[in-house]
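Remarks on the structure that follows.
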Amino acid sequence: MATNSTSRPLLGNKSAGMVDNDSLVKLLNDEMATLLIPATVYISLLMVLGFVGNMFVCYYYTFQTKRSTNSFFIVILAIYDLIACSISMPTEIADIEHFYTFENNVACKILRFFNYFVAIASGLTLVAIATDRFKRICQVTKPQMDMAAVRRVSVIICVIAILLSWPSFFLYGAIRVPIENEYDLELFGHDCTTTKDKNYSRYVWMFNGAHFLLFVFTSAALIILYSIIGRTIYLHRKRINKYKHSDGKLKKSGTKSSNLSTSGLFKSVTSSSEVIDENCTKSLVQREEVDKKPVSAEAIIPIVAHDKRNTHSNKIEIVETKHHTTENCQSDNKDVNAKSVQSIIHVDAETLRVTLVMILVTVVFITSFLPHLMLVVGRAVVGKHEPLFLSPAGLVVTNIFGRSFLLNSSLNPWIYGIFNSKFRQFYFGWCCRKMYGSN
């Protein structure tokens with residue numbers, strides 16, 4: 001066992017009778033804290049990286065970029081990650097350092113509540129982001145999420161996360177746990193874990209089961225949405241390549257608007273052309289209606305005063321104006337079509353980049369929470385305190401993978417940085433100014 005294998009060196013030549021129970025518990029706790037140093041280093045590293053990175057993300061996407069639904073969601077995610085880095089991770093380190101002596105019941109409940117709150121809120125926010133991506137890529141002509149809708153969705157997600165997390169206040173606490181030792185002493189310590197009361201075991205199962213089902217639902221929704229998005233982007237890029245010349249330019253961008261309109265993502269081109277066509281048509285119709293209007297007696301008098309040559313000149317001028325207007329409309333159509341197609345290609349590249357970033361964030365979320373949830377379910381099945389049945393190596397692995405969900409909060413800002421050159425420039429520029437600003 002973990003305690004039996006390393007307790008002798010700590011006690012030295014003292015017998016169990018020479019050490020009181022409280023001192024022995026403290027010695028065994030120090031022994032466990034030493035054993036779990038890898039887990040402490042792991043969380044400390046995540047805490048520093050996550051706190052610094054998420055602070056930069058909050059500042060950059062709030063003050064340095066144009067406000068959009070995507071930037072707003074990224075800031076919301078960064079706030080949740082900051083909560084994890086500033087509250088959850090330090091308390092998790094304290095939980096490891098006080099493996100048998102965690103007696104602060106309130107701190108334990110707050111820790112577990114924020115762990116669940118951040119996990120649920122982050123997962124649902126990722127679903128909201130995937131939905132926004134889906135609407136912007138696969139349903140271009142339908143109403144899109146605006147800033148007001150994004151704010152409402154964020155508030156709803158926060159409320160749902162609170163409602164699904166509050167039972168942790170009753171199921172977690174500084175629970176009295178037995179400490180196995182080689183001296184056959186009845187020792188007890190306190191650990192921040194789920195209650196071992198048999199009367200609450202059903203509720204513990206329901207709580208863990210509900211969160212596992214929520215994780216499955218969230219993961220399935222994200223996988224389905226991004227699969228559809230990926231397929232749409234692939235087909236869209238295939239269509240664009242179809243309309244390109246060998247030199248990389250689009251074929252007949254000014255005359256192919258009717259063909260482009262068959263593509264969902266090219267409907268904006270058609271709509272822009274139709275606006276120009278409609279305006280130009282209205283202009284010509286208005287001119288024709290003016291020409292066909294009956295002329296009043298007052299208007300005839302000055303016309304009669306003119307000679308025939310002037311009248312002929314006026315008619316020619318009108319015809320030339322009409323012809324010039326028609327040419328302008330056709331020219332506008334060509335310019336709009338070319339610019340719209342170029343805009344679509346640019347937006348497609350930007351959309352692809354943003355979508356790739358969010359897919360990576362989603363993959364990190366799923367892979368980081370899966371080990372944690374599996375260990376939570378395993379802990380509920382066994383129903384015993386881990387040191388009672390795990391080896392020292394097993395305890396180290398369990399305490400690292402049991403906190404794997406913290407990886408999500410730490411890696412997110414660095415994923416944004418890797419795939420956003422402007423964010424990288426902002427970050428390194430800020431660092432350089434701080435380091436060399438005085439020179």
Side-chain angles (χ1 to χ4, degrees), residues 46-89 114 117-137 144-158 161 218 222 225-226 229 233 346-366 368 405-434:
L46 294 183
M47 181 174 64
V48 174
L49 291 176
F51 187 83
V52 173
N54 284 296
M55 287 293 289
F56 274 102
V57 167
C58 286
Y59 181 82
Y60 176 78
Y61 283 96
T62 301
F63 300 106
Q64 300 293 319
T65 61
K66 183 179 178 181
R67 181 169 296 182
S68 64
T69 56
N70 186 66
S71 63
F72 185 87
F73 275 134
I74 287 178
V75 171
I76 293 297
L77 272 180
I79 291 173
Y80 291 141
D81 292 338
L82 273 176
I83 293 175
C85 294
S86 58
I87 297 178
S88 298
M89 293 187 190
F114 276 111
F117 171 78
V118 169
I120 296 170
S122 297
L124 295 179
T125 301
L126 287 176
V127 173
I129 292 174
T131 304
D132 182 50
R133 295 283 92 204
F134 173 79
K135 291 174 70 67
R136 292 185 182 279
I137 296 173
Q144 303 295 317
M145 295 178 67
D146 56 11
M147 293 303 298
V150 168
R151 291 189 183 95
R152 287 195 299 270
V153 169
S154 299
V155 171
I156 292 172
I157 288 174
C158 185
T218 302
L222 291 170
L225 285 172
Y226 281 119
I229 290 171
I233 291 177
H346 174 71
V347 170
D348 179 64
E350 177 67 12
T351 299
L352 182 62
R353 184 188 65 79
V354 173
T355 304
L356 178 61
V357 169
M358 300 322 300
I359 289 175
L360 287 176
V361 170
T362 300
V363 170
V364 170
F365 171 81
I366 294 174
S368 64
F405 62 93
L406 299 174
L407 191 66
N408 174 66
S409 299
S410 179
L411 290 185
N412 282 348
W414 303 105
I415 294 175
Y416 305 142
I418 291 172
F419 290 92
N420 189 334
S421 59
K422 292 182 179 179
F423 180 75
R424 288 199 304 272
Q425 292 171 4
F426 167 76
Y427 173 76
F428 289 112
W430 184 89
C431 292
C432 290
R433 286 194 299 272
K434 290 297 180 183

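What you see is a predicted model; the values in this text were computed from it and never measured.
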Check [X] against [Y] and note the closest heavy-atom contact, atom names and distance.
X: V118; Y: S409; answer: CG1-OG, 4.3 Å
X: V361; Y: N408; answer: O-OD1, 4.2 Å
X: N70; Y: D132; answer: N-OD2, 4.5 Å
X: V150; Y: F72; answer: CG1-CD2, 3.0 Å
X: A161; Y: I120; answer: CA-CG2, 3.8 Å
X: G50; Y: P413; answer: O-CG, 4.5 Å

Report the distance from atom [atom1] of [X] to atom [atom2] of [Y], rounding to the nearest 0.5 Å.
X: S88; Y: L82; atom1: OG; atom2: CG; result: 11.5 Å
X: L46; Y: C85; atom1: CG; atom2: SG; result: 8.0 Å
X: I229; Y: I137; atom1: CD1; atom2: CD1; result: 5.0 Å
X: I359; Y: I129; atom1: CD1; atom2: CD1; result: 12.5 Å
X: N412; Y: M358; atom1: CG; atom2: CE; result: 7.5 Å
X: L77; Y: S122; atom1: CG; atom2: OG; result: 5.5 Å

Answer with yes or no after comparing the ring centroid distance for F63 and Y59 against a 6.0 Å cut-off, counting only values under it.
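That pair passes the under 6.0 Å test.
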Do [X] and [Y] have side chains that get closer than 4.5 Å, going by heavy atoms?
X: T362; Y: I366; value: yes
X: T69; Y: D146; value: no
X: R133; Y: F73; value: no

What's the verdict on side chain to side chain contact (heavy atoms under 4.5 Å, CB included) for I79 and V75, showing C-alpha distance, side-chain angles and the deciding distance?
CA-CA 6 Å; I79 291 173; V75 171; 4.1 Å; yes
Are more than 12 heavy atoms from other residues, nucleotides or ligands located less than 6.0 Å from atom CE of M55?
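No, CE of M55 has 12 or fewer neighbouring heavy atoms, counting only those of other groups under 6.0 Å.
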Does a sphere of radius 6.0 Å around CZ in F51 hold more than 12 heavy atoms from other residues, nucleotides or ligands, not counting ones at 6.0 Å or beyond?
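No, not enclosed.
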Decide yes or no on side chain to side chain contact (heavy atoms under 4.5 Å, CB included) for T355 and Y226, but give the supporting numbers first.
CA-CA 8 Å; T355 304; Y226 281 119; 4.1 Å; yes
Mind checking what makes ring-ring contact (aromatic ring centres under 6.0 Å, His included) contact with Y61, not counting sequence neighbours?
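Y61: no ring-ring contact (aromatic ring centres under 6.0 Å, His included) contacts found.
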Residues T218, L126; criterion side chain to side chain contact (heavy atoms under 4.5 Å, CB included); working and verdict
CA-CA 9 Å; T218 302; L126 287 176; 5.8 Å; no
Test your reading of the model: is there a side-chain donor-acceptor pair from S71 to the backbone of R67, 3.5 Å cut-off?
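No.
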Decide side chain to side chain contact (heavy atoms under 4.5 Å, CB included) for L124 and V153; before the verdict, give the C-alpha distance in whole Å, the side-chain angles of both, and the deciding distance to 0.1 Å.
CA-CA 10 Å; L124 295 179; V153 169; over 6 Å; no
